[in-house]
Amino acid sequence: MLDKTYRPSEVENRIYDSWERKGYFRPSGKPGAPTFCIALPPPNVTGSLHMGHALDHTIQDVLIRFHRMRGFNTLWQPGTDHAGIATQMVVERELAKSGTNLSRREIGREAFVERVWNWKSQSGGTIVRQMRRLGQSADWSRERFTMDDGLSAAVRRAFVTLYREGLIYRDKRLVNWDCQLQTAVSDIEVQQTEVDGKLWYLNYPIIELPGTYVTVATTRPETMLGDSGVAVHPDDERYRDLIGLHVDLPLVGRRIPIVADAYSDPEKGTGAVKITPAHDFNDFEVGRRHKLELIPILDGMGRVNENGPDNYRDLDRFEARKRIVQDLDELGLLVKIERHRHVVPHGDRSGTPLEPYLTDQWYCDAAKLAVEAIAAVEDGRTVFVPRAWENTYFEWMRNIQPWCISRQLWWGHQIPAWFAPDGQIFVAESEEEAFAEARRQLGPDVKLKRDEDVLDTWFSSGLWPFSTLGWPEQTAELAQFYPTNVLVTGFDIIFFWVARMMMLGLKFTRQVPFRTVYMHGLVRDERGQKMSKTRGNVVDPLELADEFGADALRLALLASTVQGRDVNFAPSRVEGYRNFVTKLWNAARFLELNGAKLNEQVDLTANQSAINRWIVGETMEMVDKVTASISDYRFNDATLSLYHFVWDTFCDWYVELAKPLLAGDNDEIKAETRATASWVLALTLRCMHPFAPYVTEELWDRLFGAPGGMLIQSEWPSASASLVDPEASRELNWVVRLVSAIRSARTEMNVPAGARLRLLAIGTDEKTRLWLEANQDAIFRLARIESIEANVQILPERALVVVVDDASFALPVGDVVDLDRERSRLAKEKEKLVIEITKLKGRLANEGFLAKASADTIEEQRRRLDDMQATFERLSEAERRIA
RNA sequence: GGGCGGUUAGCUCAGCGGUAGAGCACUCCCUUCACACGGGAGGGGUCAUAGGUUCGAUCCCUAUACCGCCCA
């Protein structure tokens, strides 16, 4: 027997183990079945599960479970990425704490990488375990890691291919350099952060005009050591005469030119701007236009290098700033300092200000790869849901910059490039190949040194949808599951994920990596604030799952997911869905107590009771709605349909209506009701399974046993029109309205809740009489009625009156009734009607409306008016009775 | 500066050319034999503002205000 409440903690692990052990997460491999595949955007191996993952993964699990039940040969490909910087940082931190006080450089590359692997094997699986906790049905037997042998081979193949086609090349350009981590990072790993800074105004003496100065304004005075020019706007009258002259760079003593360049904004600062081509992206361009010298003055740690004057050498960039400002001030060249709020690029891992830094790096020609990636979305080979995100994708793809793919790290895919002593580069998939080629060209004794750097993690992640399926080998899985069907991700990583996979996927497979990109919003707190540790508003999905159950968390997330919008997540909703799960549990418990048994062969069209015919139709409608909503990625609609069906339709009405049937003495009806109720519950469990997999599986097992196997691999229901009986639907809707009207009137008139009243139907027509008779037990019970008299001709005086459609019903209450109160109740109801009736009359008298509105609309409005007028008449009659 | 989204009940949000909805919160009643993680009944909204289109606008268009996000 089921307990009164469902206890998730006693169920979840057991069920999950059972699913996994029985291999239900694996592709069915059914011959002829259509395939459905999702590649999980691999979470960071150092990560732990946050609300964003919970939402992202739950959506994927709904799609996977839905398609699995619909008979697709389904694969959800999971795994993690090696997260170069993040993982290396974790292990370096551990190293620092370990007491040996050795840096990674001191223990050496090999030993360090070994440590990272050790860390990974011990602590790397957190997020994957947490995914299981939430019921995610990924095929763990196929779990992959971006550093696996196979995936590493894919990376080498991709790199070598792109290099040979000229799509990967080496270049000396400015990169975003992280001085703390001492590596380059890509544009999209840059966080633009607004900070309170200053604007320093500096005087540079003009050589040709002794005693005069040009004043430049800068947010980074320390970079002046690397200045190689001053720019003014060509149309700026103030500086016209200075163009072509030179200044004597203070503290350095370098002679640098004043050039005219439109980059200089006359409105900003003084209109004259110092140009440091080796330390600023804009200045780099200006410098190139005017052939200015590139003078790097900082080293990789952000310290002044040998190009700076001796007295600043080795000073940290921030220390150098202080000293330089001080020294300029002493020379009388510091004009003023203003407060200035501006945007400074920060590394999203280290959090330190990034330095534009001139180095040799490997680049990928993203612009060329983008061409096909753009075309594929333009021509609909890949479709975004919601569509609006395609614009963001296009905007970014069309302005894409060369992608810096090398990182000065040890953890990652080491770049398969070998340097000969003369600087010549040999790129090959293996060292042997590289040597073979080098020997051919440079003789047998050639010495090669492998590039120390590794590739951007996203380079390997970009191959994920096909490298996980075996590429570059032409495997059966690749043929079967690629292109994948849908990528589910948050819009915040549209550039990381979608863009890179599209470019590399099209390049290497000539096919799009996924046909649909479903973008969901970010999970924020209930006030719309981004969740962050510093704000302290982070909600832990695992804690919620522990407290309320994984199903409740999943339902709450799905119910909050509206297409194209962020999710403002209120934890109280989880409690609400915990209650919902309990409600379902108890509905099942009710069936269990009444001997429910599932018989899939039962002929529901033979049902005698309208109540049973009605709920079957309602169930069909629910199946339709849920199926359509999932297919359209409208998860909130699907969740709400289920919620409404289970709670309102099934529990509040059907179960209550069925009680008299089950308690009655008609064995045939009893059997029919048990069979129908069981059938409805079975379909409900199936439809709800993708959303709340645990409780549905448990109930399936407890109630229906498992002769046909587990719910996870049962068949998704299909709606059948032949099971919908419109007449039963009309009848039961009427019963619901009648009962509701009686309940309302009773409460409003303060009739004691327990009091049983007589119900007199006034001037009853045939249909009403039949309906009353057929549903009398239900009406007795639900409206607290003790007897029904049909066809009463005269309204009794001391009675409440309710009107349903064109029939009046009187509830004699004897002396307890307060006539004044009843009068005002009737008046209030009439008032509401009058407003609507006036509106409808006006509309129907409007010639424009009659001429232009559709016949259906006009007919509908007429019918509504007739109904309301009839009700109004009945209410007036009742009023006159007690006048 | 450019682009995108939002403004609907106390809160969080659905919706939509012709009847304004949900959950939570609130009020009143109920130890009715599945469930108090429950049942029943209620209160609460000039759908941001101003114009326009339309027979009819919360919904479509334009502008404004405010809020948020992305990019420079």
Side-chain angles (χ1 to χ4, degrees), chain A residues 1-6 187-188 192 265 281-282 343 386 388-389 391-392 395-396 399 491-492 494-495 521-522 524-530 548-549 552 556 559-594 596 634 636-637 639-640 643-644 647-648 650-652 655-656 658-659 662-663 677 739-754 781-784 832 835-836 839-840 842-854 856-858 860-861 864 867-868:
Chain A
M1 235 259 286
L2 296 178
D3 287 339
K4 271 177 141 185
T5 51
Y6 165 62
D187 297 352
I188 48 181
Q192 301 291 352
D265 181 355
F281 289 96
N282 289 311
V343 171
W389 285 108
N391 291 329
T392 307
E395 177 63 21
W396 191 75
N399 296 300
F491 64 78
D492 53 327
I494 184 169
F495 307 133
L522 265 40
R524 300 170 178 283
D525 76 5
E526 57 208 301
R527 292 203 314 272
Q529 302 269 325
K530 213 168 177 168
F548 299 113
S560 324
T561 302
V562 181
Q563 269 195 20
R565 286 192 50 171
D566 284 349
V567 174
N568 288 358
F569 186 80
S572 65
R573 290 193 82 159
V574 184
E575 189 182 356
Y577 279 95
R578 187 270 317 262
N579 296 350
F580 173 57
V581 165
T582 308
K583 189 72 181 174
L584 174 75
W585 180 265
N586 275 289
R589 183 164 183 261
F590 171 78
L591 297 201
E592 186 193 38
L593 292 170
N594 282 281
R634 295 196 323 268
N636 61 327
D637 284 350
T639 312
L640 291 178
Y643 188 96
H644 174 249
W647 205 311
D648 302 340
F650 189 69
C651 292
D652 284 351
V655 167
E656 295 306 324
K659 279 176 182 172
L662 291 166
V739 169
S740 301
I742 296 171
R743 283 170 169 175
S744 249
R746 291 178 58 120
T747 310
E748 262 180 86
M749 296 307 294
N750 289 332
V751 176
R781 184 187 169 83
L782 301 185
R784 304 239 128 202
K832 280 191 219 155
I835 295 170
E836 275 303 305
K839 242 163 64 177
L840 285 168
R843 193 172 293 157
L844 287 163
N846 181 332
E847 283 175 35
F849 176 73
L850 296 174
K852 304 205 174 169
S854 75
D856 279 356
T857 305
I858 296 172
E860 194 194 321
Q861 306 292 314
R864 276 189 63 210
D867 288 353
M868 286 187 185

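Below, chain A is the first sequence line, B the second, and so on; all start at residue 1.
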**Fill in**
A:D637 meets the side chain to side chain donor-acceptor pair (under 3.5 Å) criterion, sequence neighbours left out, with A:R634
**Item:** Atom pair CZ (A:F580) and OG1 (A:T639), whose distance is rounded to the nearest 0.5 Å
**Value:** 9.0 Å
**Asked** Separation of A:F569 atom CZ from B:C11 atom C1', in whole Å?
**Response** 15 Å
**Request:** Find the distance A:E575:CD to B:G38:P and express it as a whole number of Å.
**Result:** 9 Å
**Request:** Determine: side-chain N/O of A:S572 to OP1/OP2 of B:A25, distance under 4.0 Å, yes or no.
**Result:** no
**Message:** Please give the distance between the P atoms of B:C4 and B:U62 as a whole number of Å.
**Reply:** 11 Å
**Asked** Is there a side-chain contact between A:M1 and A:L593 (heavy atoms, below 4.5 Å)?
**Response** yes
**A:Y577 and A:Y643 aromatic ring geometry - parallel, tilted or perpendicular at 30°/60° bounds** = perpendicular
**Prompt:** Starting at CZ of A:F580 and ending at P of B:C24, how long is that distance when rounded to a whole Å?
**Reply:** 12 Å
**Item:** Which residues share a side chain to side chain contact (heavy atoms under 4.5 Å, CB included) with A:A588, sequence neighbours left out
**Value:** A:L2, A:L681, A:L699, A:L703
**Asked** Can you check the A:Y643 OH to B:A14 P distance for me, whole Å?
**Response** 18 Å
**Message:** So, using salt bridge (Lys or Arg N to Asp or Glu O under 4.0 Å) as the criterion, who are the partners of A:E575 when residues are at least two apart?
**Reply:** A:R578
**Asked** With rounding to whole Å, what would you report as the distance between B:A22 and B:C47 at their C1' atoms?
**Response** 16 Å
**Request:** Would you mind telling me which residue lines up with the more 5' stretch of RNA chain B, A:A559 or A:T392, judged by nearest nucleotide?
**Result:** A:A559
**Message:** When the C1' atoms of B:A57 and B:G15 are compared, how many Å lie between them, rounded to an integer?
**Reply:** 15 Å
Which protein N or O atoms sit under 3.5 Å from an N or O of nucleotides 26-36 of chain B?
| unit_1 | atom_1 | unit_2 | atom_2 | d |
| --- | --- | --- | --- | --- |
| B:A34 | OP1 | A:K659 | NZ | 3.3 |
| B:A34 | O3' | A:R589 | NH1 | 3.0 |
| B:A34 | O2' | A:N586 | OD1 | 2.7 |
| B:A34 | O2' | A:R589 | NH1 | 2.9 |
| B:A34 | N7 | A:K659 | NZ | 3.3 |
| B:A34 | N6 | A:C651 | O | 3.2 |
| B:A34 | N6 | A:E656 | OE2 | 3.2 |
| B:A34 | N3 | A:N586 | O | 3.0 |
| B:A34 | N3 | A:A587 | N | 3.4 |
| B:C35 | O4' | A:N586 | OD1 | 2.9 |
| B:C35 | O2 | A:K583 | NZ | 2.9 |
| B:C35 | N3 | A:K583 | NZ | 2.9 |

**Request:** Not counting sequence neighbours, which residues clear side chain to side chain contact (heavy atoms under 4.5 Å, CB included) with A:E748? List them please.
**Result:** A:R825, A:K828
**Asked** Expressed as a whole number of Å, how far does the C1' atom of B:C33 sit from that of B:U19?
**Response** 39 Å
**Asked** Whole Å only: how far is the CH2 atom of A:W585 from the C1' atom of B:C37?
**Response** 14 Å
**Message:** Between B:A63 and B:A25, how many Å separate the two C1' atoms, rounded to a whole number?
**Reply:** 37 Å
**Item:** Contacts of type side chain to side chain donor-acceptor pair (under 3.5 Å), residue A:K659, not counting sequence neighbours
**Value:** A:E656
**Complete:** The salt bridge (Lys or Arg N to Asp or Glu O under 4.0 Å) partners of A:D3 (sequence neighbours excluded) come to A:R7
Considering only nitrogen or oxygen atoms on both sides, find all protein atoms under 3.5 Å from nucleotides 15-19 of chain B and state each distance.
| unit_1 | atom_1 | unit_2 | atom_2 | d |
| --- | --- | --- | --- | --- |
| B:G18 | O2' | A:Q861 | NE2 | 3.0 |
| B:U19 | OP1 | A:R843 | NH1 | 3.4 |
| B:U19 | OP1 | A:R843 | NH2 | 3.0 |

**Between P of B:G23 and CG of A:L640, the distance in whole Å** = 9 Å
**No-H, no-angle donor-acceptor pair, A:R578 side chain to B:C37 base, under 3.5 Å** = yes
**Item:** Which residues share a ring pair (Phe, Tyr, Trp, His ring centres under 6.0 Å) with A:F548, sequence neighbours left out
**Value:** none
**Message:** Is the phosphate of B:G39 approached by A:W647 (side-chain N or O, under 4.0 Å from OP1 or OP2)?
**Reply:** yes
**Request:** Could you state the atom-to-atom distance from CE of A:M749 to C1' of B:G40 in whole Å?
**Result:** 18 Å
**Message:** Work out how far the P atom of B:G3 is from that of B:C11, and round it to whole angstrom.
**Reply:** 32 Å
**Request:** May I ask you to test the A:L584-A:F650 pair for a side-chain heavy-atom distance under 4.5 Å?
**Result:** no
**Request:** Name all residues meeting the side chain to side chain contact (heavy atoms under 4.5 Å, CB included) criterion together with A:R843; count only those two or more places apart in sequence or in a different chain, and write none if there are none.
**Result:** A:K839, A:L840, A:F849, A:Q861
**Request:** Taking atom P in both B:A9 and B:A14, compute the distance separating them and give it to the nearest angstrom.
**Result:** 12 Å
**Message:** Please enumerate all residues that pass side chain to side chain donor-acceptor pair (under 3.5 Å) together with A:T747, with sequence neighbours excluded.
**Reply:** none
**Request:** Quote, to the nearest angstrom, the P distance that separates B:A34 from B:G40.
**Result:** 14 Å
**Request:** Measure the distance from NZ on A:K832 to C1' on B:G43 and round it to the nearest whole Å.
**Result:** 11 Å
**Asked** RNA chain B in dot-bracket, Watson-Crick or G-U pairs under 3.5 Å, [ ] crossing, | other strand?
**Response** (((((((..((((....[..)))).(((((.......))))).....(((((..]....)))))))))))).
